[in-house]
Amino acid sequence: MTRSIERYNPRVEEPRWQKAWEDAKSFEVSNDDPRERYYVLEMFPYPSGRIHMGHVRNYAMGDVLARYKRAMGLNVLHPMGWDAFGLPAENAAKQTGSHPKTWTYANIATMRAQLKSMGLSFDWSREFATCDVEYYQRQQKLFLDFLKVGLVTRKKSKVNWDPVDETVLANEQVIDGRGWRSGAVVEQRELTQWFLKISDYSEDLLEAIDKLDDWPDKVRTMQRNWIGRSDGLRLLFELLPSAKTAATSIEVFTTRPDTIFGAGFIALSPDHPLSAHLGKADPALREFIAEFHRQGTATETLEKAEKLGHFTGLRVKHPVRPGETLPVYVANFVLMDYGTGAIFGCAAHDQRDLDFARKYDLAVIPVVLPPEASPEDFEVFDDAYVGPGTIYHSDFLDGLPIDAAKKEIARYFAALEVDGKPQGVVETNYRLRDWGISRQRYWGCPIPVIHCPTHGVVPVPDADLPVKLPEDVTFDRPGNPLDYHPTWKHVPCPICGEASRRETDTMDTFVDSSWYFARFTTPHADAPTVPAVANSWLPVDQYIGGVEHAILHLLYSRFFARAMHKTGHLGMDEPFNGLFTQGMVVHETYRDSKGDWLLPEEVTVEGMGESRRALHARTGEPIEIGAIEKMSKSKKNVVDPDEIVRTYGADTARWFMLSDSPPERDVQWTEAGIEGASRFQQRIWKLLQDMLEISAVATSGPADPEAASVRKLVHRAVHNVGEEIEGLRFNRAVAQIYELTNTLTKFAAKLEAAPSAEGVAALREGVESLVQLIAPMMPHLSETCWAALGKTGMVADAGWPKADPGLLVDSTVTIAVQVNGKLRGELVVPKGMAREEVEKQALSLEAIARMLDGKAPRKVIIVLDRIVNVVT
RNA sequence: GUGGGCGUGAUGGAAUGGUAGACAUACGGGACUUAAAAUCCCGGGGCUGUAUAGCCGUGUGGGUUCAAGUCCCACCGCCCGCACCA
């Protein structure tokens with residue numbers, strides 16, 4: 001083309017279409033729409049201040065799916081909101097003096113504008129923030145309903161205390177002994193806390209994982225491990241009488257009761273009540289326990305902390321070796337909060353027990369004989385044997401495989417009694433603990449109860465909801481502003497009117513995000529949900545977000561669905577039918593000679609491969625190119641989406657985020673990548689202009705044999721892109737579209753030289769399909785092209801193009817011809833050609849005949865329409 | 001330690017057990033231009049100086065198969081989760 005074509009200008013087009021969609025309420029959905037429903041949800045963001053590239057990727061994926069499903073004729077719910085309570089707002093208040101509410105809503109306004117500039121097809125009429133009174137008031141209602149049915153408890157417990165954030169953390173929020181947000185080393189404190197009884201559902205949450213077919217295996221495995229079921233035996237060991245204690249037995253939990261004949265010692269946790277009791281009269285033991293506590297929280301540094309113990313002087317009767325006794329130790333490797341806080345040690349078949357036994361010179365008695373090993377030769381040295389085998393050295397268990405021995409010994413101990421109780425009880429233990437939700441913070445949902453001196457804990461009556469956060473608070477001292485507010489907590493008891501104290505704890509913000517997906521179905525209802533409506537949308541068909549929520553958020557949400565089911569707010573147990581965890585956006589890091597991090601725009605990168613190097617954009621100073629890491633402010637390897645949208649447009653950013661990398665894997669942000677996406681946008685625009693020009697000229701002409709093959713390609717692309725989007729393989733959908741565009745571009749060039757009416761018709765059809773295929777990824781460009789094609793209405797309201805099944809099948813196929821598995825030639829034959837004919841043609845290929853050299857093949861393998869393999 | 005994932009051109013990555021490297025990026029060559037940018041065309045795993053010819057090639061070593069990137073076994077490396085859970 002010699003004429004100049006005006007470039008597509010996203011800066012003008014994008015805001016224009018965003019306004020058009022908004023005016024037409026294109027993405028608002030009705031709960032009364034009778035069509036089939038589809039619920040796409042991306043994990044809602046915390047309003048930290050600005051959108052980052054991770055958000056762009058996440059929402060671009062969800063938007064592709066939402067727009068595609070809408071085009072397929074479904075009634076699609078695609079909402080957006082804000083996970084708006086949380087500590088950063090309070091930290092900002094401390095640092096800048098702005099009120100958390102002001103800060104949060106200002107951030108929301110900024111980020112909403114950013115999201116809107118991305119052209120995402122959200123139903124903004126359903127937007128809410130979890131810090132809206134209208135939302136947390138319903139959350140308080142849920143809490144009260146949970147309380148009524150016994151899903152809420154209040155108990156004194158040892159809690160993880162974050163000394164920097166001055167609040168309690170759930171076990172899930174402690175990572176390597178440090179607070180998940182502050183990174184501070186977590187301390188243990190005793191506090192009375194509110195708990196949600198997630199452990200009521202341990203087994204159910206575990207079992208139901210099997211049915212979550214549309215979840216990544218990785219996440220399912222992580223949840224299974226987190227719930228951590230183990231089956232074993234609770235076992236009583238009878239203590240020999242001692243002046244040291246009145247206790248007559250010690251209770252242990254074991255998953256290996258089959259190794260009981262190999263028992264060599266008993267070990268108590270330093271936190272075990274008996275340990276504390278014995279410590280009173282034993283200064284050395286007291287010191288041992290104190291030392292343990294000093295190390296306690298710091299153990300994360302000691303990868304392989306040494307097994308240490310202290311002999312208590314107590315002994316128990318060996319339960320199956322009459323006349324023998326076992327020593328009782330307090331040992332640093334025994335956890336109080338799992339099982340009973342006491343174990344029996346079987347050194348030969350547990351590495352920890354073996355390490356301990358070697359250190360204190362305790363008995364090592366092998367009782368499991370590995371297959372193939374002989375009783376005379378088998379010995380345990382430095383490695384405990386934990387594999388399969390046959391029980392030996394074990395009297396009546398001898399000769400049994402492990403599982404049978406477990407059953408046998410359980411039966412044996414069930415029939416015996418110690419302290420008037422069965423000596424052994426089969427028991428299942430879970431690692432999953434109840435969810436502590438109390439937070440000593442201001443910016444969260446107040447727990448709606450009142451503490452009356454007479455009536456104790458009194459729930460706030462439904463009629464008195466919401467319990468609103470006071471706005472006149474200060475952040476000039478540590479601790480909970482609600483607690484030192486002058487008036488807020490002083491209220492009369494709802495029952496007797498006596499002066500009482502309002503609960504000043506607020507809820508963990510993970511509570512807020514555990515049911516927002518349900519609230520989106522009726523965001524303005526008086527009750528938390530309208531069950532009939534919620535049930536018509538839920539479970540969410542496709543949930544998309546980061547894998548970092550694989551345990552916490554997703555497990556809590558699954559629990560909440562069950563709890564809401566039980567309290568009549570929902571009709572199902574599982575909130576998310578399909579889950580997709582997308583990869584992160586990563587970028588190179590740069591640092592100067594002083595070790596300071598630099599922003600990508602402060603750096604110029606030149607050369608490639610070995611010679612690739614970075615220079616400071618201003619000073620020319622050499623810059624070290626560091627690791628490719630998740631974009632983070634601290635390492636400055638960030639790219640601001642606003643900047644990208646301003647420079648390249650939202651469509652370009654979306655397209656790039658969907659290209660190249662499979663969505664579940666990390667994608668590396670590169671300048672070249674975004675440039676390439678931008679060029680492609682212009683290529684489509686130019687192709688459209690070329691097509692319009694050619695079709696204006698070529699209204700007649702000869703028949704065009706190429707037209708048919710172009711049409712085939714177009715219909716195949718329509719079919720394939722749909723399939724790839726359904727499967728969330730956006731990178732492959734993108735590749736298909738590139739391929740189609742390349743074909744159409746070449747065809748257009750050919751037509752320009754040799755116009756034909758038939759060819760032009762095929763080209764027009766191809767371009768029109770292309771415009772629709774790019775709509776989910778580049779919706780603004782698509783609308784502009786659609787209008788340029790003279791179509792009425794918007795692509796947003798148009799259906800998905802339909803592939804003609806007749807054009808998806810080829811009449812001829814290319815068959816690969818191999819000799820001994822190596823490609824030697826090709827054969828183009830009619831589809832479905834008979835084997836004999838295929839064989840004949842294959843063998844007569846020149847290259848094949850030469851390889852055979854006149855000899856007959858030993859065998860010829862033929863896969864219909866696919867491949868021929870000649871075996872010599 | 002334990003559970004899971006992944007190793008393919010310069011790079012991101014394609015490939016129902018059936019023609020390895022689709023598509024993109026970077027690069028090289030050419031066209032257009034006074035020039036550059038932009039755009040368009042061509043090339044491209046390695047080796048055999050030429051390639052319409054051949055050999056090698058998907059982390060390493062074995063195996064199954066007419067046929068292996070794909071399945072099986074062992075090993076090496078990287079990433080992620082959990083971690084003294086009895």
Side-chain angles (χ1 to χ4, degrees), chain A residues 1-2 4-5 7 175-176 216-222 224-226 228-230 232-233 252-257 259 267 269 299-300 302-307 331-335 337-346 350-353 355-356 429-431 547-548 550-551 607-610 612 656 659-662 664-668 670-677 679-680 682-683 686 729 731-742 745-746 749 814-826 847 850 857-863 866-872:
Chain A
M1 292 274 143
T2 47
S4 71
I5 289 168
R7 288 170 64 81
I175 296 150
D176 291 338
D217 286 342
K218 180 182 173 178
V219 175
R220 297 207 281 172
T221 304
M222 284 165 75
R224 278 193 198 99
N225 292 343
W226 191 264
R229 175 182 165 136
S230 56
L233 199 62
V252 307
F253 175 73
T254 178
T255 56
R256 293 299 303 274
T259 63
S269 165
T299 42
E300 93 276 2
L302 308 162
E303 267 289 291
K304 284 235 181 254
E306 196 185 1
K307 308 277 177 290
N332 66 347
F333 66 95
V334 182
L335 306 174
D337 56 2
Y338 191 79
T340 61
I343 61 157
F344 81 75
C346 175
D350 184 290
Q351 193 58 49
R352 294 157 302 179
D353 297 349
D355 295 345
F356 190 76
N429 265 302
Y430 299 90
R431 214 184 72 119
V547 73
E548 65 271 21
I551 299 174
M608 59 177 296
E610 298 280 294
R612 196 162 175 279
F656 176 44
S659 313
D660 293 345
S661 281
E664 68 277 12
R665 265 193 247 177
D666 292 350
V667 65
Q668 191 185 345
T670 59
E671 193 69 17
I674 189 75
E675 290 280 355
R679 272 201 298 276
F680 180 64
Q682 298 298 340
R683 275 182 60 200
K686 181 172 180 302
R729 296 176 294 264
N731 57 321
R732 300 208 301 196
V734 163
Q736 287 281 339
I737 290 172
Y738 270 119
E739 213 163 344
L740 175 63
T741 308
N742 289 345
T745 303
K746 282 194 183 121
T814 305
I815 295 182
V817 182
Q818 302 177 330
V819 176
N820 294 330
K822 288 196 176 178
L823 181 70
R824 297 297 170 183
E826 277 182 357
R850 180 155 34 81
R858 270 204 302 145
K859 199 172 168 188
V860 180
I861 311 271
I862 295 173
V863 180
R866 256 235 142 102
I867 203 158
V868 176
N869 192 8
V870 180
V871 186
T872 62

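Numbers restart at 1 for each chain; the letters A, B, ... are given by sequence-line order, proteins then strands.
The separation of B/rC47 from B/rC42, taken at their P atoms, amounts to 24 Å, rounded to a whole angstrom. A gap of 8 Å separates the C1' atoms of B/rA20 and B/rU58, to the nearest Å. Remark: the separation of the C1' atoms in B/rG61 and B/rC55 is 22 Å, to the nearest Å. For the C1' atoms, the distance from B/rG69 to B/rU8 is 7 Å, rounded to whole Å.
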Polar atom pairs (N or O), protein with nucleotides 54-57 of chain B, under 3.5 Å:
from   : atom 1 : to       : atom 2 : distance (Å)
B/rC55 : OP2    : A/Arg824 : NH1    : 3.2
B/rC56 : OP2    : A/Lys822 : NZ     : 2.7

Protein-nucleic acid N or O pairs under 3.5 Å, nucleotides 64-72 of chain B:
from   : atom 1 : to       : atom 2 : distance (Å)
B/rC66 : O2'    : A/Asn869 : ND2    : 3.1
B/rC66 : O2     : A/Asn869 : ND2    : 2.7

Extract from the structure each pairing of a protein N or O with an N or O of nucleotides 37-45 of chain B at less than 3.5 Å, listing the distance.
none

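Side-chain proximity of A/Asn332 to B/rC84, B/rA26, B/rA14: nearest is B/rC84.
At least one side-chain nitrogen or oxygen of A/Asn731 sits closer than 4.0 Å to the OP1 or OP2 atom of B/rA14.
Put simply, the side chain of A/Arg229 never gets that close to the backbone of A/Tyr430: no donor and acceptor are under 3.5 Å apart. With hydrogens and angles ignored, the 3.5 Å screen pairs a side-chain donor or acceptor of A/Ser269 with a backbone N or O of A/Val334. Looking at A/Ser661, its side chain does come within 3.5 Å of a backbone N or O of A/Asp666 through a donor-acceptor pair. Between the side chain of A/Asn869 and the backbone N or O of A/Ile862 there is no donor-acceptor pair closer than 3.5 Å.
In this structure A/Ser659 satisfies the side-chain contact (heavy atoms from CB on, under 4.5 Å) test together with A/Trp655, A/Val734, sequence neighbours excluded. A/Asn429 pairs by the side-chain contact (heavy atoms from CB on, under 4.5 Å) definition with A/Ser230, A/Phe253, A/Tyr338, A/Glu427, not counting sequence neighbours. For the side-chain contact (heavy atoms from CB on, under 4.5 Å) test, no residue two or more places apart in sequence or in another chain qualifies with A/Glu548. With sequence neighbours excluded, the residues that form a side chain to side chain donor-acceptor pair (under 3.5 Å) with A/Glu675 are A/Tyr648. Under the side chain to side chain donor-acceptor pair (under 3.5 Å) criterion, A/Asp660 pairs with no residue, sequence neighbours left out. Remark: A/Asn225 engages A/Thr221 in a side-chain contact (heavy atoms from CB on, under 4.5 Å) (not counting sequence neighbours). Taking the side chain to side chain donor-acceptor pair (under 3.5 Å) definition, one finds that A/Arg665 meets it with nothing, sequence neighbours left out. By the side chain to side chain donor-acceptor pair (under 3.5 Å) test, A/Glu739 is found to be paired with no residue, residues two or more places apart in sequence or in another chain being considered.
Residue whose closest nucleotide on RNA chain B sits further toward the 5' end, between A/Phe333 and A/Met222: A/Met222. Nearer the 5' end of RNA chain B, as judged by each residue's closest nucleotide, is the contact made by A/Asp660, out of A/Asp660 and A/Gly228.
A/Asn429 comes within contact range of no nucleotide atom at all, as no heavy-atom separation falls under 4.0 Å. Note on A/Val252: nothing from the nucleic acid sits closer than 4.0 angstrom, heavy atoms only. Backbone-only engagement by A/Arg256 is indicated by non-hydrogen atom pairs under 4.0 Å involving sugar-phosphate atoms exclusively. Nucleic acid contact for A/Tyr738: sugar-phosphate only, since backbone atoms but no base atoms lie under 4.0 Å from a heavy atom of the residue. As judged by a 4.0 angstrom heavy-atom cut-off over every strand, A/Thr221 is placed among residues touching the sugar-phosphate backbone only.
Note: CG (A/Asp666) to P (B/rG5) measures 17 Å, nearest angstrom.
A pairwise comparison of heavy atoms in A/Arg256 and A/Phe344 identifies O-CZ, 3.7 Å as the closest pair. Nearest heavy-atom pair, A/Ala550 versus A/Met222, reported as atom, atom and distance to 0.1 Å: CB-CE, 3.7 Å.
Base pairing in RNA chain B yields stems of at least 3 consecutive Watson-Crick or G-U pairs, both distances under 3.5 Å, namely B:1-7 with B:76-82, B:10-12 with B:23-25, B:27-31 with B:39-43, B:45-48 with B:53-56, B:59-63 with B:71-75.
One donor-acceptor pair, N or O on each side, does fall under 3.5 Å between the base of B/rC84 and the side chain of A/Lys307.
Glycosidic conformation of B/rG9 is syn; the angle stays within 90° of 0.
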